[in-house]
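What follows is a short report on a single structure.
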Number of protein chains: 2
Amino acid sequence: MSRPKAQTRIQQKNSEAILEAALDVFSQFGFRGATLDQIAETAGLSKPNLLYYFPSKEAIHAALIARLLKVWLDPLHALDATGDPVEEILDYVRRKLELSRDFPRESRLFANEILQGAPRIQTAFTEELKPLVDDKAAIIARWMDEGRLARMEPHHLIFSIWATTQHYADFDVQVRAVLGRTDGAHFAEAEEFLITLFRRSLTP
Amino acid sequence: MSRPKAQTRIQQKNSEAILEAALDVFSQFGFRGATLDQIAETAGLSKPNLLYYFPSKEAIHAALIARLLKVWLDPLHALDATGDPVEEILDYVRRKLELSRDFPRESRLFANEILQGAPRIQTAFTEELKPLVDDKAAIIARWMDEGRLARMEPHHLIFSIWATTQHYADFDVQVRAVLGRTDGAHFAEAEEFLITLFRRSLTP
DNA sequence: TCAAATTCTGACCATATGGTCAAGTTGAGG
DNA sequence: CCTCAACTTGACCATATGGTCAGAATTTGA
């Protein structure tokens, strides 16, 4: 972070390996549960070498969070005020569920962070997330005023979409245990279910 | 756990204080992030004294989990096959949301555990949770067969209820940040929203 | 009241962990 | 092929942490 963007080939490669390894470890054990030794070993580097690229454990975590925040908020950004209300929201559900399926570690990284009071991303909440959500909630409210969506509290609608989609990444072990499966086939079922759930309650 | 149930007045009081403190600390920092010193200080005991009542950190955690599992599964147990289908499920939603409101630490304790792969409660999943969910899912499926509920995949319906209700406990900081509130008034809104959401999609 | 059982504690231990540093190795440009 | 900067590491440090133990303080029951 404070270090200038990776420039040499080696810097590029190792920084990437570190962030990749850190994502593995942080998402599995949380910030305090993760150790530099674990991250270094996963990345195939020695601990001092790891600390040559990032000044501290904090810095690695911060770099990860910053990098992922954009990807994470992207689907909500894509919600288009000029599209068809119901389909726009269902598309958002689909995109969020795809993130859970394709980037479960990222989802768990955020979940871990928020669960523990989000001590390291408070500013992102108030400065990025809240304005974005307020903006999109206003669009949804307008659609409801126009009678193009059934009336519901827009913020809570967004919460329910986050909750239901992220559940499949964050509580993966529970989902698998309850369904008695080890494959990932339940994502297709989940999509069908969620689309049905939200379509029925949103259609005016 | 291995120790016989607290018998003397002092044992009763101190065991209780320890579990209460441990709930605070574990739910906030996760298993690996929590320290015995923290728990001991919160409980108002010395660390060696803490270890006089529980043989290890693991044991404290295990005792907590065991004690909470019952409370946590209770609302689902209460789902009654002879009741009115839509109202039974909406009552379940209400009870789960009440748990999130009244026992957020318990919710976060479980969330932390599951997020990290549920290494310490795997057996509870397969031996208690799965059979219970399968049982209730069968009841819901029967209601749908009888045309008394709109058709949806029952397991995923249950997941969506867990996800949406627990979201308000587990992601509390995020909810507050996005709503821009510090009070707990959003629980009433959440209830209204969730009841509407599920009623619309479940009514045949 | 007094001995036995229970409860409590200061001091201590082994290990883990985030981080440092001096010195060595490797790679890139001239 | 030589030099200088970039990269890498073994050894090390201070602190934190889970846990132990001998003995002191307190409670209990006869």
Between A:Thr203 and A:Arg200 (side chain of the first, backbone of the second, donor and acceptor by atom type, cut-off under 3.5 Å), is there such a pair? no

Let's go through B:Leu115 and B:Arg108 carefully: what are the C-alpha distance in whole Å and the side-chain angles of both, what is the deciding distance for side chain to side chain contact (heavy atoms under 4.5 Å, CB included) to 0.1 Å, and is it a yes or a no? CA-CA 10 Å; B:Leu115 248 187; B:Arg108 284 193 279 266; over 6 Å; no

Just N and O in the side chain of A:Gln11: are any of them under 4.0 Å from OP1 or OP2 of D:dC7? yes

Report the residue (B:Pro48 or B:Ile10) whose heavy-atom-nearest nucleotide on DNA chain C is the more 5′ of the two. B:Ile10

Nucleotide D:dT17, atom P - distance to CG of B:Leu51 in whole Å: 14 Å

What residues from residues 25-47 of chain A pass a heavy-atom cutoff of under 4.0 Å to DNA chain C? A:Ala34, A:Thr35, A:Leu36, A:Lys47

Lys/Arg N to Asp/Glu carboxylate O, A:Arg105 vs A:Glu20, below 4.0 Å: yes

Distance in angstrom units between A:Tyr53 OH and C:dG19 P, rounded: 18 Å

Using ring centroids (six-membered ring only for Trp), state whether A:Tyr168 and B:His156 fall under 6.0 Å. yes

Give the rounded distance in Å between these two atoms: CD1 of A:Ile18 and P of D:dC7. 11 Å

Rounded to whole Å, how long is the line connecting atom CZ of A:Phe54 with atom P of C:dT20? 16 Å

Would a distance-only check, ignoring hydrogens and angles, find a side-chain to backbone donor-acceptor pair under 3.5 Å from B:Lys136 to B:Ala78? no

5'-most by nearest nucleotide on DNA chain D - A:Leu50 or B:Lys57: A:Leu50

For side chain to side chain contact (heavy atoms under 4.5 Å, CB included), just list the numbers for A:Ile60 and A:Phe26, CA-CA rounded to whole Å, side-chain angles, deciding distance to a tenth of an Å, and then say yes or no. CA-CA 10 Å; A:Ile60 300 176; A:Phe26 279 134; 4.0 Å; yes

Rounded distance in Å - CD (B:Gln12) to P (C:dT7): 12 Å

In whole Å, what is the span from the CG atom of B:Asn49 to the P atom of D:dA25? 15 Å

Side-chain N or O of B:Ser56 less than 4.0 angstrom from OP1 or OP2 on D:dG18? no

Within less than 4.0 Å of OP1 or OP2 of C:dC8, is there a side-chain N or O belonging to B:Asn14? yes

Take atom OH of B:Tyr52 and atom C1' of D:dG19, then tell me their distance rounded to the nearest Å. 17 Å

With rounding to the nearest 0.5 angstrom, report the CG to CG distance, B:Leu132 to B:Leu76. 4.0 Å

